[in-house]
Amino acid sequence: MADFLQQDIMYLPGVGPRRKEILSKELGINTFGDLLERYPYKYVDRTKVYTIDTVSPDMAFVQVIGEILSFEMTTISPRKKRLVAHFTDGTGVCDLVWFNSVNYVRENLHPRKKYVVFGKPGVFNGRIQFSHPDIDDADKIQLNDMGMQPYYTTTEKMKKAGLTSRSIERLTKTLLAKMSTPLSETLPPFITERLHLISRDDAVRLIHYPKTTDDVRRAEMRLKFEELFYVQLNILRYASDHRRKYRGYIFQHVGQQFNWFYSHNLHFELTGAQKRVMHEIRADMRSGRQMNRLLQGDVGSGKTLVALMSMLIAIDNGYQACIMAPTEILAEQHLQTIRTFLRGMDISVELLTGIVKGKRRQEVLDGLISGRVSILVGTHAIIEDNVQFNRLGLAVIDEQHRFGVAQRARLWTKSENPPHILVMTATPIPRTLAMTIYGDLDVSVIDELPPGRKPVVTIHKYDDQMTSLYSGIRNQILKGRQVYIVYPVIKESEKSDLKNLEQGYEGLLDVFPQFRLSKVHGKMKDKEKEAEMEKFVSGETQILVATTVIEVGVNVPNASVMVILDAQRFGLSQLHQLRGRVGRGADQSFCILVTKRQLTKETRRRIDIMCDTNDGFQIAEADLKLRGPGDLEGTQQSGIAFDLKIANIAKDGQIVQMARDEAQKIVDTDPTCSSPEYQILWDRLKVLRNTNINWAAIS
Ligand code: ADP
Ligand code: MG
C-alpha cells in the first residue's frame, strides 16, 4: 500500500508528463498519495434534478436535464465572443451562456442530445440563464451515483491548461478505483471505537465520493480529528521528552519574602483569577518539572503582579529571577513598578539594558554572579552570553510575540537546569490556537480585571467630524488628561504612510497651539524615540502622536483618550491592544475610532465589535474567524496552523480540544513510547516528523 501511494502521479491514467508538471508546480502533487490528500473544499448536492419552470435566480446551484434547441454566437469585440445555447426540458426554456472557449464548447455540444446541466441560475432579459455551467452527457452519468459533487481547489494556470475541479475529481476517482487494498489505518481501535470514528480508508473514499451530507460529516470528522490529533501528539511528545531530559528546580516553600510582601506591601486583594493562576504556577514550580507556562491576560489585568509574586517564591527558595521586556521603556517601567512594590524589603533589583554601560554594567554583572542581585529586569540584553547568573531559577518573559522560541531556549544556558519560564502576553490568543502554536506551553488565563476599573468607552466617528473630536480632546486635556493619536503606519517602510503621520503631526500643532506634542514612530532612532516617549510618560507633553510602536505595554495611567485614525486599516486584535493603553487610571477613558464614511461590510462589522465589547478574548475569536489564523499576531513563527490539510484551527476548536485530550492521555500513559498498544501511533508520528518541515523544527 505504501508503495502504491508513493507512485509518481505521472503514471495515473489521465495525467502524463505535461499534467504532472502542472500538478506538481501548482499544487505540490507529485505522488498518488499527494492527490488523495487534496480534499474538496466544498460539495454541492447533485441528487436532485429540477424542472426549468421551477428554477428561480435566488436558488443556489441546481441541475436540470434536457436538450439544446439551437445556438447563437455573437461577437462582442474583435477578440471576444458570446455563445448562447437555448436549452429545454419540456417545462420551459433557459439559456446557457459562455464567454470563454466558445469555439470549443460549440464543437463539442450537439442539439437533440440529452445533457445534465449544472450551475448557478441567474436571470437575463427575463429568462433563466446559466453562465458557464457544468455539462455532462446524460447517458454517461448516472444521477443516482452523483451524490454530492466535490469541488477542488485549482489555480488560474491549471484552468488554462484545462485542469479544472472536474478533472481533479475524475483523476481522484480513477485513483480510488485503482486502489485495490484498503488504506492502512493510522489510529488504534481504542480511539476510533470510543470516539465513533470511521476507518481511514472509508473516510478517504467518502471525502472524495460522498453520497449524502452525512457522509461528508463523518469523513471530515475522522480526517480532521486525525490531523489535529497528530499535531497535538507531536507537541506533547516533544514537551514530555524535554521534561524527562531536564529536571526542574523544586521550589518547595513559600517563605519570608513572599509572606512579608503579601501581608505588608500588597495593599489590595488579588482578584480571583490572579489567585487561581498563582496556584497553577505554585504547583508547576514544586512539581520537579520545568515550568513552561503562558500567562494570558488582557492589558491591566495584573499580570506583572503575578510575575513578581512568582519571583518572590524563587527568591524564597534561594534562586534568582529575571524579567525580560521587549523595549527599554518597558523594562524601566517594570523596574520602577517592582521597586515600588518591594519598598522597604531587602531585595536587590537591578536593570540591564543596552543603555546600562561601563562601570554600572560591570557592577550589575558582578552582582548577578555573586548572587547579590536577586531580580534582574531588562531587555534582550539579558540573554547575551556574558550575562551569568549565580542561580537563575525563574525567567519571566513579557509580551511573548517579540521573543521567539529560539530566544527562550537561550535562557536555558544560564543555569545548570533550565529555569522555570513564565511567558506573559496581553495578545489574547484563543485557547485552541494557543494549544497548537505554543503547544509546549501550559496556558493560564487571567480573565478578570481588578475591581473599580471603568471600562473604556469606544466610539466610532467619521473623518468629516474632526472638529467636534478636537474639541472633545481639548476638554480632556484641560481636565489634566493626556491623549494618544495613532496613525496607521502599517509597514514602517512605506513612505506614504510616514508622510501621513508627519503631515498629521504638523496639522495637529496648528489645531492645538496651546498644548505640547510628542511624536514617535518606528523609523526614529531608539534614543530619540525613548526621549519623546519619556516626555509623554512624565507628563511634559499632553499629546502623543504615534504609530503602533506604542502598542506594547506602555503604562501612562493619566492618558484617557486613544484616537485611532483610519481605524479600518487595523486588525481587530491590534485595535484592542491600542485601546488597552487607556483606561488604566481611575477616570473614564475613551477610544475613538475614526474612519471614512464608505466602509466595507466586514470593516463595519469590525468597528461594531470594537464598540460593543471590551473582552479581548471575544475580540480575538472574532478576529480569528474574520481573518484566519495566519494574520494573528504571534502566529507567524509557526507554520503548523497553516499546514493543515483539512482542519481549521479557527473553526474546529472542539475537535482541537478532543485531540488534545486524547493525545495527553496517551503521552501520560506511555511516557517512554514502549507500550506495544501504542506502537502504531509512535510509528506514524515518526513518519510525519520526517516528512513535515514545521514539525521537525519544533522537535
Ligand atoms: P498587566 O501587566 O496585566 O497589563 P499590571 O500588572 O500592569 O497589568 O496591572 C495594572 C495595574 O493594576 C497596576 O497598577 C497594578 O498594580 C494594578 N493591580 C494589579 N492587580 C490588582 C488587584 N488585584 N487589585 C487592584 N489593582 C491591581
Ligand atoms: Mg504589562
Side-chain angles (χ1 to χ4, degrees), residues 258 261-281 293-312 321-327 329-343 345 349 375 377 379 394-403 422-429 443-456 482 484 537 550-560 562 573-574 576-587 589 591 614-617 619-620 633-634:
F258 183 98
F261 172 78
Y262 201 83
S263 47
H264 293 86
N265 286 33
L266 187 62
H267 298 301
F268 43 73
E269 260 298 289
L270 294 182
T271 62
Q274 283 172 318
K275 284 184 189 160
R276 190 187 65 234
V277 169
M278 276 314 296
H279 278 294
E280 289 167 350
I281 293 173
R293 190 165 280 279
L294 178 68
L295 175 55
Q296 293 191 351
D298 229 337
V299 280
S301 60
K303 296 184 293 295
T304 314
L305 181 60
V306 166
L308 175 61
M309 292 193 296
S310 310
M311 292 196 275
L312 292 177
C322 69
I323 177 164
M324 280 201 295
T327 68
I329 293 218
L330 283 172
E332 277 171 31
Q333 281 197 342
H334 278 320
L335 180 77
Q336 271 179 20
T337 308
I338 292 173
R339 281 190 172 156
T340 311
F341 265 131
L342 299 184
R343 195 170 284 151
M345 294 175 64
V349 187
I375 296 179
V377 182
T379 52
L394 168 69
V396 180
I397 304 173
D398 192 7
E399 302 299 349
Q400 153 79 10
H401 51 278
R402 314 272 154 126
F403 275 98
L422 182 65
V423 179
M424 304 196 289
T425 178
T427 309
I429 301 160
V443 182
S444 289
V445 180
I446 306 189
D447 50 6
E448 186 185 349
L449 289 180
R453 284 293 156 77
K454 286 205 185 79
V456 180
Q482 288 166 285
Y484 295 100
V537 174
I550 60 157
E551 199 179 316
V552 178
V554 179
N555 191 14
V556 184
N558 191 47
S560 64
M562 165 65 63
S573 294
Q574 215 177 6
H576 182 67
Q577 284 294 299
L578 286 167
R579 176 167 64 183
R581 298 303 109 216
V582 294
R584 312 192 130 223
D587 304 290
S589 293
C591 173
N614 275 303
D615 180 336
F617 281 86
I619 288 169
E633 208 163 338

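Both counts, for ligands and for their atoms, begin at 1 and track the order of listing.
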Any side-chain donor near an acceptor of the partner, H576 and R579, under 3.5 Å | yes
Ligand 1 atoms nearer than 4.0 angstrom to some heavy atom of L305 are 6 (O), 20 (N)
Given Q274, H267, M424, which has its nearest heavy atom closest to atom 23 (N) of ligand 1?
-> Q274
Correct closest heavy-atom pair for N265 and R343 would be ND2-O, 3.0 Å
Would N614 and L449 count as a side chain to side chain contact (heavy atoms under 4.5 Å, CB included) if you check the C-alpha gap in whole Å, the side-chain angles of each, and the deciding distance to 0.1 Å?
-> CA-CA 11 Å; N614 275 303; L449 289 180; over 6 Å; no
If you measure from each non-hydrogen atom of L270 to ligand 1, which part falls under 4.0 Å: side chain, backbone, both or neither?
-> backbone
Mind checking whether E269 contacts ligand 1 via backbone (N, CA, C, O), side chain (CB onward), both or neither, at a 4.0 Å heavy-atom cut-off?
-> backbone
Would G297 count as a contact of ligand 1 if the rule is a heavy atom under 4.0 Å away?
-> no
Among the heavy atoms of R584, does any lie under 4.0 Å from an atom of ligand 1?
-> yes
Report yes if some N/O of P451 lies less than 3.5 Å from some N/O of ligand 1; otherwise report no.
-> no
Could you go through the side chain to side chain contact (heavy atoms under 4.5 Å, CB included) check for R276 and D447 one step at a time?
-> CA-CA 11 Å; R276 190 187 65 234; D447 50 6; 3.8 Å; yes
Any idea which atoms of ligand 1 are less than 4.0 Å away from a heavy-atom of G302?
-> 1 (P), 3 (O), 5 (P), 6 (O), 8 (O), 9 (O), 19 (C)
Q274 side-chain N/O to G302 backbone N/O, donor-acceptor pair under 3.5 Å = yes
If you count the atoms of ligand 1 from 1 in the order shown, which ones are under 4.0 Å from a heavy atom of T271?
-> 23 (N)
What one should report as the nearest heavy-atom pair of D398 and H334 is OD2-NE2, 2.6 Å
Determine the minimum heavy-atom distance between C591 and V456, stating which atoms define it.
-> N-CG1, 3.7 Å
Heavy-atom gap D298 to ligand 1 smaller than 4.0 Å | yes
Does L308 reach the side chain of I323, with side-chain heavy atoms less than 4.5 Å apart?
-> no
F341: numbered ligand 1 atoms lying under 4.0 Å from its heavy atoms | 16 (O)
